[in-house]
Undergrad: 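If you scroll down you'll find the structure; I have some questions about it.
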Amino acid sequence: MSRVPGWLGRLGAGLTEMSERYNERRAAAERERDDHESVPPPDELVPPPPDYAPDVPARPDPALAVPWGVRVAAEAGWRLLVLAGTLWVLMRVISAVQLVVLSFVIALLITAMLQPTVARLRRHGVPRGPATALTAILGFVVMGLIGWFVTWQVMENIDDLSSQIQDGIDELRNWLLNSPFHVTDKQINEIAKNLREAVGANTDQITSAGLEGVTVVVEALTGILLAVFCTLFLLYDGKRIWEWTLKLVPAAARPGVAGAGPAAWRTLTAYVRGTVIVALIDAIFIGLGIYFLDVPMAVPLAVFIFLFAFIPLVGAVVSGALAVVVALVTQGVFTAVMTLVVVLAVQQIEGHILQPFILGRAVRVHPLAVVLAVACGGMVAGIGGAVVAVPLVAVTNTVAGYLRSYSRKAAVRHAVPPRGATAVSAEPAPPQAPPE
C-alpha cells in the first residue's frame with residue numbers, strides 16, 4: 001500500500017507533462033496557421049484594374065475563326081501547288097532529254113510487241129541469247145522493209161501522182177466554175193495569187209526549215225539507234241532490269257510496286273498487240289477499197305493508214321482524210337465520196353467491234369481521256385508524244401487501280417479483330433451442333 005501513492009504520483013506527473021507538450025504544439029500550429037492566412041494569395045497581390053478599364057474578351061484561335069470549307073480548300077490548294085511544281089520540274093527534265101525518253105518509250109513498245117515471241121522460243125528450249133537475237137533481227141528487218149517499201153512506192157509513183165494532181169486541180173477548177181456556188185475565174189486566180197505570194201513571202205522560213213531538216217534527220221537516226229539498243233537489252237535482260245529498279249523503291253512500298261509492274265506490262269503488251277492487229281485490219285480493208293476504186297498509190301496509202309493507226313482517234317482521221325484528198329484530186333468527186341464511205345465503214349467496224357473484242361478489258365480508257373492524252377502528248381513531244389500518250393495513260397490507270405486494290409487488301413489483312421465492347425460489330429460465330 002505504501003508504493004501505490006508514489007506510482008500514482010509519477011503517473012500524474014507524466015500525464016501533466018504530456019498535456020503541456022500537447023498544448024505547446026497546438027499553440028505553435030495555431031500561430032503558423034495565423035501567419036499563413038495573413039499572407040494574401042498571388043492573385044490578391046496584383047491590384048485590381050480600375051473601374052474605367054473595359055473588359056477585353058479573349059480572342060479565339062485564328063484557325064477556328066476560318067470556315068471549315070476555306071481550311072479544306074487551303075489544305076488541298078498548297079498540296080496541289082506542290083504537285084504542280086513537281087510535275088512542271090519533271091516536264092522540264094523530260095523536255096531537256098526528250099530524245100532519250102522517246103527512244104526508251106518506243107523501245108518499251110517494241111519490246112512489248114516482240115517479247116511474247118522470245119518467251120515462246122524459250123518455252124521450246126531455245127537459249128535466251130539466240131532467242132533474243134532471232135526475234136530482234138526478224139522484227140527490225142520487217143520494220144525496215146516496211147519503211148523501204150513505202151519510200152519506194154512513193155518515189156515510183158510521185159511523177160504520175162503529180163500529173164494526176166495537176167489534172168485533178170484543173171477538173172476541180174472547172175467544177176467550181178460550173179457549180180452553183182457562183183465562183184468566178186477571177187476569184188480562183190486571186191486565191192492562186194495569194195497562195196503564191198504566201199509561199200514567196202515565207203521562202204526564208206522554208207529554207208531554214210530545210211536546213212533544220214538535216215538536224216532532224218540526225219536526231220531521228222540517233223533516236224533509232226537508242227531505241228534498237230534499248231530494245232535488245234530489254235528483250236535479253238528485262239527481268240533483271242526490273243528487279244534492279246525495285247531496289248530503288250522504299251521497302252514499305254516494294255511489295256505493291258512489285259505486283260503493279262507485271263500488271264502494267266500485261267496492259268502494255270495487250271495494248272501494243274491489239275493496236276497492231278487493228279491497224280493491220282484497217283490497212284488491209286481500206287487499202288483494198290481504194291485499190292478497187294483505182295486510187296493511185298493504194299499500197300503506200302494503206303501503209304500510212306497502218307502507221308497512223310498507232311495514234312488513236314486522230315491518226316484514223318488524218319490517214320482517212322489523206323486517202324480522200326488523193327482520191328479527190330486524182331479521180332474526182334465521186335471516187336472521193338466512195339473512198340470516204342469505205343474509210344468511215346471500216347473505222348466504225350473497228351471502233352465498235354474490233355477494239356472491244358481484241359483489246360477486251362485489258363485496256364479500259366475513256367475516249368475523253370484518249371483525246372486529251374493525244375492532244376497533250378502532241379503538244380509536249382509532237383508525233384512521238386501522241387503515239388506514246390495513250391499507252392502511258394493505260395499503264396498509269398492499271399497501276400493506280402492495282403495499288404488501290406492492294407492497299408485495301410493489305411488493310412483488311414492487317415485489321416485487328418474487335419475485342420470487348422466492340423466485339424458486337426464482328427460477325428456472329430456459327431452455331432455449334434448439339435451434342436450427340
Side-chain angles (χ1 to χ4, degrees), residues 94 101-120 135-136 139-140 142-143 146 227 230-231 234-235 238-239 241-242 245 257 259-284 304-319 346-378 380-405:
I94 292 177
V101 174
L102 282 179
S103 300
F104 182 75
V105 174
I106 292 174
L108 281 177
L109 296 178
I110 298 175
T111 304
M113 183 172 57
L114 300 179
Q115 193 270 337
T117 304
V118 177
R120 193 174 294 109
T135 304
F140 290 127
V142 170
M143 288 184 284
I146 291 175
C230 294
T231 302
L234 289 174
L235 286 174
K239 183 177 180 181
I241 293 175
W242 171 245
T245 306
V257 177
W265 184 251
R266 287 192 296 269
T267 299
L268 184 61
T269 304
Y271 173 82
V272 173
R273 296 175 66 182
T275 303
V276 169
I277 295 174
V278 171
L280 187 61
I281 294 173
D282 285 352
I284 291 174
F304 276 116
I305 291 171
F306 173 79
L307 296 177
F308 276 93
F310 286 90
I311 306 176
L313 299 180
V314 179
V317 174
V318 173
S319 60
V346 174
Q347 289 181 358
Q348 289 298 316
I349 295 174
E350 169 207 336
H352 293 87
I353 298 177
L354 294 179
Q355 284 191 354
F357 178 74
I358 295 175
L359 295 179
R361 297 184 178 181
V363 181
R364 304 183 67 178
V365 181
H366 196 274
L368 179 60
V370 172
V371 174
L372 295 178
V374 171
C376 294
V380 172
I383 297 178
V387 171
V388 303
V390 176
L392 179 61
V393 171
V395 169
T396 304
N397 183 33
T398 300
V399 171
Y402 180 88
L403 292 179
R404 183 168 58 249
S405 176

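All values reported here derive from a predicted model rather than from experimental measurement.
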Undergrad: For A107 versus A227, what's the shortest heavy-atom pair and its separation?
TA: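 Smallest heavy-atom distance, with atoms named: CB-O, 3.6 Å.
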Undergrad: Between V257 and W242, what is the shortest heavy-atom contact and its length?
TA: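 The answer is O-CZ2, 3.5 Å.
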Undergrad: Suppose we screen for side chain to side chain contact (heavy atoms under 4.5 Å, CB included). Which residues come up paired with L235, at least two apart in sequence or across chains?
TA: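 Residues passing side chain to side chain contact (heavy atoms under 4.5 Å, CB included) with L235: T111, L114, Q115, V118, T132, A136, T231.
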Undergrad: Which distance, rounded to the nearest 0.5 Å, do you find between the CD1 of I94 and the CG of L102?
TA: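 So the gap between those two atoms works out to 9.5 Å.
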Undergrad: Mind checking what makes side chain to side chain contact (heavy atoms under 4.5 Å, CB included) contact with L403, not counting sequence neighbours?
TA: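 Partners of L403 by the side chain to side chain contact (heavy atoms under 4.5 Å, CB included) criterion, ordered by chain and then number, come out as A260, V399.
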Undergrad: Any donor and acceptor pair, going by atom type alone, linking the side chain of S405 with main-chain N or O of G401 inside 3.5 Å?
TA: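 No; judged by distance alone, with no hydrogens or angles, the pair does not exist.
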Undergrad: Does the side chain of F306 reach to within under 4.5 Å of the side chain of D282, using non-hydrogen atoms?
TA: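 Of all side-chain heavy-atom pairs linking D282 with F306, none is under 4.5 Å.
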Undergrad: Is it the case that atom CZ in F140 sees more than 12 heavy atoms from other parts of the structure closer than 6.0 Å?
TA: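 Count over threshold, so yes.
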Undergrad: Could you tell me which non-hydrogen atom of F308 sits nearest to which non-hydrogen atom of S319, and how far apart they are?
TA: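 F308 and S319 have their closest heavy atoms at CB-CB, 3.9 Å.
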Undergrad: To the nearest 0.5 angstrom, please state how far the CG atom of L109 sits from the CG atom of L392.
TA: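 Separation between the atoms: 10.0 Å.
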Undergrad: Taking distance alone, no hydrogens or angles, what donor-acceptor pairs closer than 3.5 Å link side-chain atoms of residues 380-391 to residues at least two apart or in another chain?
TA:
none

Undergrad: List in chain and number order the residues that pass side chain to side chain contact (heavy atoms under 4.5 Å, CB included) with A112, two or more places apart in sequence or in another chain; answer none if no residue qualifies.
TA: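 Per chain and number, A112 pairs via side chain to side chain contact (heavy atoms under 4.5 Å, CB included) with W265, L268, T269, V272.
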Undergrad: Report the residues that fulfil side chain to side chain contact (heavy atoms under 4.5 Å, CB included) with R404, sequence neighbours left out, ordered by chain and then residue number.
TA: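 By the side chain to side chain contact (heavy atoms under 4.5 Å, CB included) rule, R404 matches R408.
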